[in-house]
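The chain is numbered in sequence order, starting from 1. Keep in mind that this is a model prediction, so the values were computed, not measured. Whatever order the structure lists them in is the order used to number ligands and atoms, beginning at 1.
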Amino acid sequence: MGYIKFLGTAGARFVMITQLRASGGMWFSIDGVEILVDPGPGCLVRAVKSRPKLSPGKLDGIFLSHKHLDHSCDINLMIEAMTEGGHKKKGIVLAPYDALENDPVILKYCRDFPEKVEVIREKGEYTVKSLTFEIPLRHRHGVETYGFKLKNGKVPVIGYISDTSFFEELIDGYRGSEILIINTVLYEKKEGVDHLSLPEAEIIIREIKPKKAILTHFGMTMLRNRIWEKEKEISDRTGVDVIVANDGMKFEF
Ligand SMILES: [Zn+2]
């Protein structure tokens, strides 16, 4: 079936730059299709040091939700690694326009290495082998940002809510997710910060009712409040089985 390996669970700048949590993003393996999501700093190192090792040469695609460095730092490196140093034209890179054309984080010399570099847009659908990425809506974040609903008809629908502030439309956008990953940076709601807080993530979980919700991408306040000890209370409050991700966690389905 598949798994998601968390190569990092750091969210936002301070946890990333201090490396209190690693920041390598997530590796999805679904029915033999290998996808990397948001390769932040350390992604390559974390992948090859995983046990069992994750070989970047096996990747079929890379999804970038937005260009902030905690999501994109290793993307050029991972494109090179996916394509065996640019010698093997393969794989699909999905990224917002903003990450490709406006102060781009994906270097132009790397863009010929993959089979295709596709610009993702709201309500778009993109295919990597047997997987379909549906992009529900544009997030509200400092730069152009999207999450996805990932489907192949055989495994549970996986929703990924990347960085965003809270707004009602997120709920309908990600409805139908059976496994829902939410970047939950803040322990408490903070005005003027374009990241989700735990209470807002709980609203989304209660409304969508996935089979499993996975919280990741933690900021400092989540770590100070020892979020890893709160799985049961969050699950009780939401009525959904909630997992608090940790570095290196492998979630199988
Ligand atoms: Zn961001």
Side-chain angles (χ1 to χ4, degrees), residues 4 6-28 35-43 46 62-79 93-107 119-122 124 133 135-150 158-167 169-170 173-174 180-201 204 214-223 227 244-245 247:
I4 303 164
F6 290 79
L7 299 175
T9 55
R13 291 190 180 88
F14 292 105
V15 176
M16 170 187 63
I17 60 184
T18 54
Q19 289 288 297
L20 279 170
R21 290 277 181 121
S23 48
M26 298 173 278
W27 184 298
F28 290 47
I35 303 283
L36 186 62
V37 176
D38 283 347
C43 179
R46 288 273 160 178
I62 302 176
F63 179 96
L64 179 66
S65 69
H66 67 296
K67 71 181 177 193
H68 284 155
L69 284 174
D70 51 333
H71 300 254
S72 70
C73 181
D74 270 11
I75 191 153
N76 294 295
L77 200 53
M78 295 314 288
I79 291 172
V93 176
L94 303 174
Y97 176 86
D98 180 50
L100 288 160
E101 301 306 334
N102 174 21
D103 191 14
V105 292
I106 300 180
L107 295 170
V119 176
I120 53 172
R121 295 184 200 281
E122 181 167 276
F133 289 81
I135 312 296
L137 75 178
R138 184 172 174 164
H139 287 195
R140 295 189 185 161
H141 197 51
V143 297
E144 189 181 1
T145 305
Y146 304 99
F148 57 72
K149 284 194 280 190
L150 189 50
I158 304 170
Y160 170 48
I161 304 184
S162 184
D163 293 5
T164 184
S165 52
F166 180 80
F167 57 109
E169 291 83 350
L170 284 173
Y174 289 92
L180 182 60
I181 302 163
I182 308 179
N183 286 0
T184 314
V185 173
L186 304 161
Y187 189 71
E188 283 164 333
K189 192 175 158 48
K190 199 169 164 193
E191 286 307 326
V193 178
D194 54 2
H195 280 294
L196 289 172
S197 63
L198 180 60
E200 291 164 327
I204 296 169
I214 305 173
L215 306 183
T216 186
H217 210 60
F218 305 126
M220 216 51 132
T221 57
M222 289 292 258
L223 301 185
I227 189 64
V244 173
D247 291 345

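- Scanning all heavy atoms of the two residues, the minimum distance from Pro96 to Ser65 falls at CG-O, 3.4 Å.
- Remark: the His66 side chain and the Asp38 side chain contain no N/O donor-acceptor pair separated by less than 3.5 Å.
- Ring geometry for Phe133 versus Phe63: interplanar angle under 30°, hence parallel rather than tilted (30 to 60°).
- Residues satisfying the side-chain contact (heavy atoms from CB on, under 4.5 Å) test with Asp247, not counting sequence neighbours, are Thr9, Arg21, Ala22, Arg46.
- Checking each of Tyr146, Tyr174, Phe166 against His139 for a ring-ring contact (aromatic ring centres under 6.0 Å, His included) leaves exactly one that passes, namely Tyr174.
- Annotation: Tyr97, atom OH; neighbour count of heavy atoms from other residues, nucleotides and ligands within 6.0 Å does not exceed 12.
- Take a cut-off of 2.8 Å around the Zn ion (ligand 1): the protein N, O or S atoms inside it are His66 NE2, His68 ND1, His141 NE2, Asp163 OD2.
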